[in-house]
Amino acid sequence: MATNNEEEKRTDNLTIDDIIADLQRENSDNTTVENDAEPSDDEVFGDIDEQDENDDDNGESDTPDTVENGGKTDKKEKKPNFFIRLIKGIIPWKGDTVGLVIRKLVFIAALIVFLATAIPLLADVLSMVKDEQVSKQLSQLYLDTDDDSEVSENSKEILPSFKKLLEINPDTVGYIKIDGTIIDYPVVKTDDNDFYLTHDFYKNESRSGTVMMDYHNEVTPDGHSANMVLYGHNMQVGTFFATLGEYWRTMYDQYPEGTKSFYKEHPVIRFDTLYERAEWKVFAFGIYNVAESRGEVFGYNLKYDFTSEDDFNNYIINIMDRSDIFTDVDLKYGDDILTLSTCYWPYENSGNTVRLAIFARKIRDGESNNVNVDNVQVNTYVKRWQWVYDQISGGYDWSQSNWDRRKLLSYNADDAERDNYTFPSASD
């Protein structure tokens, strides 16, 4: 640190120019300190905002905020309303650059496409949820009147459990239920296969429709068609016949062999007609082409009655050749068949060209409803249609039946000889 004598000595040696320069530097340093001590804009404007609020509370009109600063008046600019800022951020606005205008236009186009897709989808989902709530109410009506045990076995009267449903809709012909699944619906039938595709049980318009029986089928006090065909939508929210897809999916849900879990857990279906309660053992299921441009269209749903033993046997053999599963359930001429049909898309978005069908045989009088699910097998040589051979199987084609026809009890040695079929040995 310099002493007083040293400071005086150094000052005596300064020229006039040096002294003026020192005074200028000192003045500059003082100005910097004063500026640093000034309040920030936020502090000034914050005080003004508080004053504004007080003014508003006193009922005074809004006026531009001002700040006195060395004789000058500064106006505080208020931020635009949030919604105005939002609109300016989305749509092209005066002063936007060309690039910003393009980005905003692209965003608006994408938003329009999204809304055009999302709004109908949301409406469909809400509609389907509503349809399912209606179905649950109908299920309760059916269960609440479950006193069919009082009706004699050979009675030709309508079962009491259907009476409330018939009061709501006289088109009612049955009720289907698969325990442990969402499938729990009344079944209707009218004079075509179109109306109930788009109408619910109350005959209101509905995207989900109603489970319906093919109009060619008959359900009377004296009996019903030998093959009753039921249709139901495969809804994206999992309602109606969507669950049936699990039969097929779990055949291939693991590699190299699927779990078959859904079939093993649900080998029996409950389907009651107006005049009879019955259980049905699933014996086959497969996928079927309905577009002639893609190859064979097999009419699995066009056979309602059987004219002879050969007619029945040929139908069953054709079903089994196209079945993805071989079960332990046997069949014979005279058995009643139940066919459940729905849209399915296993390979691509082919719901308009492919159907999934589940086939079940009614449990015979005195027969147990037990099924040995451990004996279930995958059909490794299933018959498909030409599009599958070309697009999926790489040219692979089908040439012979792979199902053990010993399970077809009405098919005998003479039938096998005529068809050039050889029964497997009993040990196979």
Side-chain angles (χ1 to χ4, degrees), residues 171 173-176 178 183 185-198 208-219 223-235 240-245 247-248 269 271 273 278 280-308 311-325 327 329 331 333 335-346 350-362 379 382-388 403:
D171 292 339
V173 292
Y175 200 94
I176 185 168
I178 301 180
I183 296 178
Y185 301 108
V187 178
V188 295
K189 185 177 84 71
T190 186
D191 56 2
D192 61 52
N193 287 339
D194 297 322
F195 181 79
Y196 282 111
L197 287 175
T198 56
S208 302
T210 310
V211 178
M212 64 178 178
M213 180 180 289
D214 193 292
Y215 78 97
H216 294 94
N217 285 143
E218 295 290 339
V219 175
H224 53 73
S225 301
N227 182 20
M228 291 184 288
V229 182
L230 310 186
Y231 303 102
H233 283 309
N234 182 348
M235 303 307 294
F240 290 86
F241 274 5
T243 302
L244 296 180
Y247 278 113
W248 198 88
I269 296 171
F271 175 62
T273 66
W280 308 70
K281 294 182 178 181
V282 175
F283 66 86
F285 52 78
I287 52 178
Y288 294 85
N289 173 48
V290 295
E292 293 183 357
S293 61
R294 294 193 164 205
E296 179 203 49
V297 176
F298 177 72
Y300 69 93
N301 60 328
L302 302 179
K303 177 67 70 172
Y304 315 106
D305 286 292
F306 305 104
T307 58
S308 65
D311 189 28
F312 176 85
N313 290 344
N314 289 336
Y315 177 78
I316 295 299
I317 291 171
N318 274 295
I319 292 300
M320 298 312 302
D321 287 343
R322 294 164 177 79
S323 176
D324 287 84
I325 190 173
T327 73
V329 179
L331 299 109
Y333 177 55
D335 284 336
D336 290 321
I337 306 299
L338 176 68
T339 301
L340 312 181
S341 178
T342 191
C343 294
Y344 200 57
W345 37 91
S350 55
N352 292 330
T353 65
V354 179
R355 300 291 182 269
L356 169 69
I358 313 298
F359 302 91
R361 185 261 291 166
K362 187 165 73 175
N379 182 1
V382 62
K383 189 173 185 179
R384 303 293 193 205
W385 56 96
Q386 195 61 46
W387 183 90
V388 177
W403 180 55

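Please read these numbers as outputs of a predicted model, since none were measured by experiment.
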**Student:** Test F241 against I358 for side chain to side chain contact (heavy atoms under 4.5 Å, CB included), laying out the working first.
**Tutor:** CA-CA 11 Å; F241 274 5; I358 313 298; over 6 Å; no

**Student:** Could you tell me which non-hydrogen atom of R294 sits nearest to which non-hydrogen atom of N289, and how far apart they are?
**Tutor:** CB-OD1, 3.8 Å

**Student:** Inspect the contact between D324 and R384 and indicate whether a charged nitrogen and a carboxylate oxygen are less than 4.0 angstrom apart.
**Tutor:** yes

**Student:** Looking only at non-hydrogen atoms, find the nearest pair between T210 and P186 and report the distance.
**Tutor:** CG2-O, 4.3 Å

**Student:** Would a distance-only check, ignoring hydrogens and angles, find a side-chain to backbone donor-acceptor pair under 3.5 Å from D305 to A226?
**Tutor:** yes

**Student:** Compare all side-chain heavy atoms of I178 with those of T243 and state whether any distance is below 4.5 angstrom.
**Tutor:** no

**Student:** Please find out if less than 6.0 Å separates the ring center of F240 from that of H233.
**Tutor:** no

**Student:** Within the distance-only criterion (no hydrogens, no angle test), does the side chain of T342 pair as donor or acceptor with the backbone N or O of G232 below 3.5 angstrom?
**Tutor:** yes

**Student:** Does some side-chain heavy atom of P346 sit less than 4.5 Å from a side-chain heavy atom of I287?
**Tutor:** yes

**Student:** Do F359 and F285 have ring centroids that are under 6.0 Å from one another?
**Tutor:** no

**Student:** Is a donor on one side and an acceptor on the other found under 3.5 Å between the side chain of S323 and the backbone of I325?
**Tutor:** yes

**Student:** Do K303 and D311 sit within salt-bridge range, that is, some charged N less than 4.0 Å from a carboxylate O?
**Tutor:** yes

**Student:** Take Y288 and I319 through the test side chain to side chain contact (heavy atoms under 4.5 Å, CB included) and record every step on the way to the result.
**Tutor:** CA-CA 10 Å; Y288 294 85; I319 292 300; 3.7 Å; yes

**Student:** Are any non-hydrogen side-chain atoms of V188 and V173 less than 4.5 angstrom apart?
**Tutor:** no

**Student:** Check whether any side-chain N or O of T190 sits under 3.5 Å from a backbone N or O of D192 as a donor-acceptor pair, and report yes or no.
**Tutor:** no

**Student:** Are the side chains of T353 and W385 in contact, using a 4.5 Å heavy-atom criterion?
**Tutor:** no

**Student:** Please determine if R355 forms a cation-pi arrangement with Y300, meaning its NZ or CZ atom is less than 6.0 Å from the six-membered ring centre and no more than 45° off the ring axis.
**Tutor:** no

**Student:** To the closest 0.5 Å, what do you measure between OG (S225) and CE (M213)?
**Tutor:** 7.5 Å

**Student:** Could you go through Y231 and D214, starting from their C-alpha distance and side-chain angles, then the distance that decides it, and tell me whether this counts as side chain to side chain donor-acceptor pair (under 3.5 Å)?
**Tutor:** CA-CA 7 Å; Y231 303 102; D214 193 292; 2.7 Å; yes

**Student:** Is any side-chain heavy atom of V187 less than 4.5 Å from a side-chain heavy atom of F271?
**Tutor:** yes

**Student:** Are the side chains of L197 and N193 in contact, using a 4.5 Å heavy-atom criterion?
**Tutor:** no

**Student:** Ignoring hydrogens and geometry, is there a side-chain-to-backbone donor-acceptor pair from N234 to C343 under 3.5 Å?
**Tutor:** yes

**Student:** Would you compute the distance between atom OG of S293 and atom CH2 of W387 and round it to the nearest 0.5 angstrom?
**Tutor:** 11.0 Å

**Student:** For atom CZ of F195, decide whether the heavy atoms of other residues, nucleotides or ligands shown that lie under 6.0 angstrom number more than 12.
**Tutor:** yes

**Student:** Without swapping roles, check the side chain of N217 against the backbone of N227 for a donor-acceptor pair under 3.5 Å.
**Tutor:** yes

**Student:** What's the verdict on side chain to side chain contact (heavy atoms under 4.5 Å, CB included) for L338 and V229, showing C-alpha distance, side-chain angles and the deciding distance?
**Tutor:** CA-CA 6 Å; L338 176 68; V229 182; over 6 Å; no

**Student:** Please report the shortest heavy-atom distance between A242 and M235, naming the atom on each side.
**Tutor:** CB-O, 3.4 Å

**Student:** What's the separation between atom CG in N314 and atom CD1 in I316, rounded to the nearest 0.5 Å?
**Tutor:** 10.0 Å

**Student:** Short question: side chain of Y304, backbone of N301 - any donor-acceptor pair under 3.5 Å?
**Tutor:** yes

**Student:** Between M228 and V219, is there a side-chain heavy-atom distance shorter than 4.5 Å?
**Tutor:** yes

**Student:** Identify the heavy atoms of R361 and F283 that sit nearest to each other, and give their distance.
**Tutor:** N-CD2, 3.6 Å

**Student:** Restricting to non-hydrogen atoms, name the atom on V290 and the atom on V354 that form the minimum distance, rounded to 0.1 Å.
**Tutor:** CG2-N, 4.1 Å

**Student:** Keeping the roles fixed (side chain from Y344, backbone from G245), state whether a donor-acceptor pair exists under 3.5 Å.
**Tutor:** yes

**Student:** Are the side chains of H224 and D336 in contact, using a 4.5 Å heavy-atom criterion?
**Tutor:** yes

**Student:** For the residue pair F306 and F312, categorise the inter-ring angle as parallel (less than 30°), tilted (30 to 60°) or perpendicular (more than 60°).
**Tutor:** perpendicular

**Student:** If I compare all heavy atoms of T339 with all of A357, which pair ends up nearest, and what's the gap?
**Tutor:** CG2-CB, 4.4 Å

**Student:** Measure the OH-CG distance between Y185 and L230 for me, rounded to the nearest 0.5 Å.
**Tutor:** 13.5 Å

**Student:** For R322 and E296, run salt bridge (charged side-chain N to carboxylate O under 4.0 Å, His left out): C-alpha distance rounded to whole Å, both residues' side-chain angles, the deciding distance at 0.1 Å, then the answer.
**Tutor:** CA-CA 12 Å; R322 294 164 177 79; E296 179 203 49; 2.5 Å; yes

